[in-house]
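Scope of the values below: all heavy atoms of this structure, side chains included, with no hydrogens, waters or symmetry mates. Numbers here simply count residues along the sequence, with the first being 1.
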Amino acid sequence: MENSNNNKSKKQQLQSVRGMNDILPSEAFYWEVLENIVKNLLLSHAYSPIRLPIVEPTPLFKRAIGEITDIVEKEMYSFVDSLNGETLTLRPEGTAGCVRAVIQHHLATQQNQKLFYIGPMFRHERPQKGRYRQFTQIGVETFGYDDANIELELILIGAKLWKALGLQDNIRLEINTLGELHERKNFRENLIKFFEIPQNLEIIKQDADAFRRLYTNPLRILDSKNPQIGELCQSPQMPKLFDFLGENSQTQFENLQNGLQKLGIPFSVNSRLVRGLDYYNRTVFEWITNDLGTQGTVCAGGRYDGLVEQLGGKATTACGFAMGVERLIALLMDKDKQNSKNNFGNLVENLQRPDVFVMYDKNCQDSEILAMQIAENLREIKNLKVLVNFGGGSFKSQFKKADASKAKFAIIIGESEVANNVVQIKNLQTQQQSQILISEICNYEF
Ligand code: ATP
Ligand code: MG
């Protein structure tokens with residue numbers, strides 16, 4: 001009996017965790033190209049890489065993100081390490097850990113910092129297109145920069161990236177200002193009064209999250225995804241945060257808008273944009289697409305001057321953004337399906353396909369060794385991507401594999417080629433074949 005149970009469990013197929021996806025090679029090549037473009041762009045603006053743990057102490061996120069947020073209330077993967085009793089959380093976002101590291105290693109006490117990281121984040125959400133339980137963010141965080149220049153640079157990096165990806169017509173910019181904490185307090189009281197008007201309260205009461213936040217975090221109601229609340233927030237009677245800002249905050253927001261105009265970056269002001277996280281102040285911005293349904297925000301960021309001090313560091317201004325890689329990849333792949341000849345698709349195809357497919361005669365050991373030597377020379381001297389076909393088989397079947405690999409050239413090495421110190425090189429697009437002396441291969445125009 002026990003035996004048959006064992007057999008059964010051995011045979012049962014194991015599946016990935018719901019909402020946590022395998023990225024298979026055909027899609028992973030898109031990721032490689034995207035990551036390379038982003039990294040080069042950030043390095044060209046003198047940003048430095050930082051690599052951070054995936055697991056952090058749970059209190060870090062509670063303090064950084066705020067108790068009354070979707071993430072902390074219901075999305076975190078938290079657990080007790082049974083070996084030592086520590087309470088830990090799989091990071092739901094990157095900023096908190098980055099700030100923790102900056103404080104711990106005194107990175108921003110002597111000099112300003114511009115940092116970036118790429119990695120997985122975890123949130124227990126309902127999986128759907130563009131929303132997963134494990135997803136990847138590219139995060140950019142700056143420390144010590146106080147004026148709108150840094151905000152402009154962060155937005156410019158986004159704009160340049162969409163252009164490099166061919167997505168400039170698919171992604172638009174929305175900005176807003178949250179002002180300073182004391183200005184928001186005033187607004188908050190007025191906002192609560194507005195929501196307390198009986199017919200408004202009826203609507204709020206129907207949404208458990210909104211109702212719960214009415215007195216704890218009413219600003220959060222503004223970015224509710226509930227359409228009825230959205231409509232309520234369009235009401236002309238609703239107080240506008242901008243009207244509660246002091247002169248300084250208003251001027252800073254105007255400077256930002258002037259700067260964007262000078263850079264030629266189109267934007268719209270969205271006064272409901274408050275971001276999901278507690279630690280933002282002053283400028284907030286989102287890059288949004290209409291092409292992914294309700295999962296439209298591909299990149300979100302802003303200023304969070306209070307966070308370093310809140311987490312125990314010396315007061316340091318800070319500003320950054322995070323983009324969701326899955327949503328960008330979905331946009332890129334959808335675009336590729338519609339229009340096979342776009343630039344990004346070509347980059348992916350070039351990365352995927354070998355330049356040269358080398359085939360040899362499995363029955364002739366010398367041809368096998370020669371194949372590997374030639375491949376190595378082409379990689380080292382000509383910087384080519386070379387696939388040696390280890391599978392053997394007839395040359396006819398090897399040609400089929402060469403075509404399937406989309407290689408541009410095939411090199412054929414049989415017994416007679418070994419005997420004569422030559423190889424056959426075939427251009428798989430034109431079908432032209434020529435015989436080349438082995439000593440001359442590196443002079444061939446691939
Ligand atoms: P949303 O409103 O879509 O829930 P958010 O405000 O929770 O987003 P942030 O915490 O600002 O998102 O994260 C920055 C970016 O990370 C988002 O704009 C999005 O592109 C991406 N992102 C957030 N949550 C997910 C998820 N569950 N799956 C995939 N991408 C995500
Ligand atoms: Mg969310």
Which residues pass the side-chain contact (heavy atoms from CB on, under 4.5 Å) test with [X], sequence neighbours left out?
X: Lys385; answer: Asp355
X: Leu331; answer: Leu167, Ile171, Thr289, Asp291, Leu292, Val298
X: Thr317; answer: Asp146, Arg303, Asp305

Do you see a donor-acceptor pair shorter than 3.5 Å between the side chains of [X] and [Y]?
X: Glu153; Y: Tyr47; answer: yes
X: Arg172; Y: Asn290; answer: yes
X: Tyr360; Y: Glu417; answer: no
X: Asn427; Y: Gln432; answer: no
X: Gln252; Y: Thr177; answer: no
X: Gln137; Y: Glu93; answer: no

Which residue pairs pass the salt bridge (charged side-chain N to carboxylate O under 4.0 Å, His left out) test when at least one of the two sits in residues 429-446, sequence neighbours left out?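 Checked against salt bridge (charged side-chain N to carboxylate O under 4.0 Å, His left out) - neighbours excluded - no pair reaches residues 429-446.
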Minimum-distance pair of heavy atoms, taken over all atoms of Ile50 and Cys98: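 Heavy-atom minimum between the residues: CG2-SG, 4.5 Å.
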Please indicate whether [X] has more than 12 foreign heavy atoms, meaning atoms of other residues, nucleotides or ligands, lying under 6.0 Å from its [atom1].
X: Gln429; atom1: CD; value: yes
X: Gln110; atom1: CD; value: no
X: Lys400; atom1: NZ; value: no

Taking only residues two or more places apart in sequence or in another chain, which ones pass side-chain hydrogen bond (donor to acceptor under 3.5 Å, both in side chains) with Lys129?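 Here the qualifying residues are Asp334.
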Non-neighbouring partners of Glu376 that pass side-chain hydrogen bond (donor to acceptor under 3.5 Å, both in side chains), sequence neighbours left out: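 Arg379.
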If we ignore hydrogens and angles and just use 3.5 Å, is the side chain of [X] paired with the main-chain N or O of [Y] as donor and acceptor?
X: Lys382; Y: Tyr444; result: yes
X: Gln431; Y: Leu428; result: yes
X: Asn217; Y: Ile68; result: yes
X: Thr142; Y: Cys319; result: yes

Asp70: which of Arg220, Arg213, Arg123, Arg131 passes salt bridge (charged side-chain N to carboxylate O under 4.0 Å, His left out):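 Per the salt bridge (charged side-chain N to carboxylate O under 4.0 Å, His left out) rule, the option paired with Asp70 is Arg213, out of Arg220, Arg213, Arg123, Arg131.
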